[in-house]
Amino acid sequence: MIWQIEFVVLLIVLICGIAAISVRDLLGAAILFGAYSFMMCLLWAIMGAVDVAFTEASVGAGISTVLFVAAVFRTSRRTKD
Amino acid sequence: MKPAAIIIVLLFGALLGYAAMDFPPWGDPAAPASVHVSPYYIEHSLTQTSVPNIVTAVLADYRGYDTLFETIVIFSAGVACLFLMRVFRHTEPDSRMYRHLPSGITLRVAKGYAPPPESREFERIDLTWVPYNLVVKTTSRLIVPFSQLFALYVIAHGHHSPGGGFQGGVILGASIVLYAIATNMRASLARFSEKRAVGLCVLGVFIYAGTGVLCMLLGANYLDYGALAVLFAGDGVAARSHGILMVEVGVGITVMAVMVHLYYSLASSGRHDEGL
Amino acid sequence: MNDLFTLVVSKANYWMTIALMMVGLYAMIAKQNLVKKIIGMNILQTAVILFFITIGAKRDATIPIVKHGPDSHSQGLLAVDYINPLPHVLMLTAIVVAVSTLGVALALAIQIYRRYRSLDEEEILSQLKADTSEVNHG
């Protein structure tokens, strides 16, 4: 496909991934992980894997993020690193 | 710990990078991954199973055993969560909160005292209560039925467009989770109780395994859908398409029930009384 | 020099995938919070799925849904026209397994918090050491 779009999405995926593990607030990390999931789904749709992208969109943005937020709600929100 | 981690990570990265130099260039049709078995699937799936979506045909028919065991994996994840977190003993909480709806006064009843009488004026609220939000509740009431309809469409239309059992099951589960988030968890438990969720988990796996046993009873191998032709009054090719639909329905039911059960357990940390 | 440059550029997808895998691996090893480790595990899983999808892509090929309908003639299907569907099938299973392990891992994390009141690896280890030394000496 158009390699410029693919390159930009790959870069955003990398930045979201690094940010999700460096942020000190666990709720922010959960939301960033949801964004990372959705950008991965876009990347797979660009590469032609439409079934896999559909599954990742519903699972990553729908269920994974909600489970993380529920777990952060039941435990603590701050983290030392 | 951190310097050791960085060294390990760089070492692994260098090893993988050295291995990646031998890979075929990206997008090569003659790459080794694309020349052995997949041309057979691409060329023959429409004529043998009458399902245009090659991924669904391979997933549910040619590699049906993998999908059966994957359904069992997700079922055991739901059961594992049940065993890990479920608190069965009903300990009375330290205090319960009630809200008098006409006047807006919040009551707090300590342990051991009698709660207010059951009437439409008193509403039990969670300890982490947020004010009633009209926008969230109305919007989710509009979205939930349409998203369930879309999920059923995705399951049924998995033969012709991207979709199938998993995607539809996850969207169905997510619609019930949306309802539980927008209203109370107790309201959602009243409509879709835990017993029903666990029962549906098991029902989905039974439907999938039962289709295989049905094929065996009709004389063919396990999960050989061509044998269902005697039931559907067609030829073997259309029977394979119907067999794929049956197992996709089973997979969708299990995935929906497990997603809902995971949310119930995690959001209330096993007690199933209040939640997000 | 020229072929080194083409080597790097033509396989840029693979380098990015390897970088993502290493980000996930680093988070699993070096971070002390349990939820961050779980996030690192998921990043590693999705990076591996990206790698498989990258292998199955083909230039100038369409998605693996056969053209059908009243306006398409029944000509022979050429395998070179369609993207390889086999990695997609395997990765559907991988995504479902990833979400199952995520659910069980978060349940374990909540149970650990219930018992030790902390999600930090070092605090839990020091509490465990205090518990076992109590059992040994007491």
**Prompt:** Non-hydrogen atoms of chain C under 4.5 Å away: do they reach the side chain of A/V52, the backbone, both or neither?
**Reply:** both
**Asked** Taking A/T79 as the fixed residue, which of C/N33, C/L119, C/V35 is the one that meets the side-chain contact (heavy atoms from CB on, under 4.5 Å) rule?
**Response** C/N33
**Request:** Counting only heavy atoms closer than 4.5 Å, note whether C/E123 contacts chain A via side chain, backbone, both or neither.
**Result:** side chain
**Item:** Rounded distance [0.5 Å steps], CE in A/M40 versus CD1 in C/I43
**Value:** 8.5 Å
**Message:** Counting heavy-atom pairs closer than 4.5 Å to chain C, which one of A/S76, A/A30, A/A29 comes out on top?
**Reply:** A/S76
**Fill in**
Counting heavy-atom pairs under 4.5 angstrom with chain A, the leader among C/I39, C/T54, C/I83 is C/I39
**Complete:** Residue from C/T17, C/T62, C/N42, C/I112 scoring the most non-hydrogen pairs under 4.5 Å with chain A is C/N42
**Asked** More than 12 heavy atoms of other residues, nucleotides or ligands under 6.0 Å from CZ of A/R24: is that the case?
**Response** no
**Message:** Could you tell me if the side chain of C/L50 sits less than 4.5 Å from the side chain of A/M47, heavy atoms only?
**Reply:** yes
**Prompt:** For atom CD of C/Q111, is the number of surrounding heavy atoms from other residues, nucleotides or ligands below 6.0 Å larger than 12?
**Reply:** yes
**Item:** Smallest separation among heavy atoms of A/G48 and C/I63, with atom names
**Value:** O-CG2, 3.7 Å
**Asked** What part of A/L67 is in contact with chain C, defined as an atom under 4.5 angstrom from a non-hydrogen atom: side chain, backbone, both or neither?
**Response** both
**Prompt:** For the side chain of C/K36 and the backbone of A/L26, is there at least one donor-acceptor N/O pair under 3.5 Å apart?
**Reply:** no
**Message:** Can you tell me how far apart CG (A/L10) and CE (C/M16) are? Round to the nearest 0.5 Å.
**Reply:** 5.0 Å
**Message:** Can you confirm whether A/F38 is buried at CZ, in the sense that more than 12 heavy atoms of other residues, nucleotides or ligands lie under 6.0 Å from that atom?
**Reply:** no
**Message:** Is there a side-chain contact between C/N13 and A/E6 in this structure, where contact means two heavy atoms from C-beta onward sitting under 4.5 Å apart?
**Reply:** yes
**Request:** Mind ranking C/V99, C/I49, C/I38, C/D120 by heavy-atom pairs under 4.5 Å with chain A and telling me who comes out on top?
**Result:** C/I49
**Asked** In terms of heavy-atom proximity below 4.5 Å to chain A, should C/L102 be classed as side chain, backbone, both, or neither?
**Response** side chain
**Message:** Tell me whether C/K31 contacts the main-chain N or O of A/I21 through its side chain, where contact means a donor paired with an acceptor under 3.5 Å.
**Reply:** yes
**Derivation of the side chain to side chain contact (heavy atoms under 4.5 Å, CB included) call for C/I110 and A/R74** = CA-CA 7 Å; C/I110 294 183; A/R74 281 292 163 186; 4.1 Å; yes
